[in-house]
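Quick notes on the structure that follows.
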Amino acid sequence: MMGKAGGVHVTRGVLLTSAAVILSMLGFVIRGQVLAQQELSSFEGLVGRLISAKPGQIPTIVGELKSNPQLAAKTLSPLLVSVHRRK
C-alpha cells in the first residue's frame with residue numbers, strides 16, 4: 001500500500017515539474033516575441049522620425065538605427081522600394 005502511494009507521489013511530482021518547466025519555457029518564448037515586437041515598433045517610429053527629420057537630426061536617428069542593422073534594413077527597405085517605384 002505504501003509503495004503504491006509513493007509511486008503516485010513520484011508520478012504527481014514528475015508531472016508537476018514537467019508542467020512547470022513547459023510553462024517557464026513558454027513564458028520565455030512569449031517574452032522574446034514581445035521584446036522583438038517592441039523593438040520593431042521602436043524602429044518603425046525611428047523611420048517615421050527620419051522621414052520628417054530636419055537635416056541636423058538625421059545623424060542622431062541614424063545612430064539609433066545602427067544598434068540593429070538587420071532590423072533597420074527591414075524597416076527601411078519598403079521606403080526604398082516605394083521611392084524607386086515613383087521614379
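We use all heavy atoms of the structure for the numbers below, so side chains are in, but hydrogens, waters and symmetry mates are not. Computed from a predicted model, the values in this text were never measured in an experiment.
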Problem - Ser67 versus Phe43, closest heavy-atom pair with distance - result: OG-CZ, 3.5 Å
Completion exercise
So CZ of Arg31 and CG of Leu35: to nearest 0.5 Å the spacing works out to 5.0 Å
Exercise for the section: If a pair satisfies salt bridge (charged side-chain N to carboxylate O under 4.0 Å, His left out) and one of its residues is in residues 48-73, list it, with sequence neighbours excluded. Expected result: Arg49-Glu64
Fill in the blank from the handout: Interatomic distance, CG@Leu46 vs OG1@Thr75, rounded to 0.5 Å, equals 8.0 Å
Exercise for the section: Kindly indicate whether the side chain of Leu65, heavy atoms from C-beta on, has any atom under 4.5 Å from the side chain of Leu76. Expected result: yes
Completion exercise
Residue set satisfying side-chain hydrogen bond (donor to acceptor under 3.5 Å, both in side chains) with Glu39, at least two apart, ordered chain then number -> Asn68
Exercise for the section: Could you tell me which residues satisfy side chain to side chain contact (heavy atoms under 4.5 Å, CB included) with Ile58, sequence neighbours excluded, listed by chain and number? Expected result: Leu50, Ala53, Val62
Exercise for the section: Verify side chain to side chain contact (heavy atoms under 4.5 Å, CB included) between Ile51 and Leu79, making sure each step is shown before the conclusion. Expected result: CA-CA 10 Å; Ile51 291 170; Leu79 291 176; 3.8 Å; yes
Donor-acceptor contacts under 3.5 Å from residues 5-26 side chains, at least two apart:
residue : atom : partner : partner atom : Å
Thr11   : OG1  : Gly7    : O            : 2.8
Thr17   : OG1  : Gly13   : O            : 2.8
Ser18   : OG   : Val14   : O            : 2.8
Ser24   : OG   : Ala20   : O            : 2.9

Problem - Partner set under side chain to side chain contact (heavy atoms under 4.5 Å, CB included) for Val29, not counting sequence neighbours - result: Gln33
Problem - Ser42 side chain vs Gln38 backbone, donor-acceptor pair below 3.5 Å - result: no
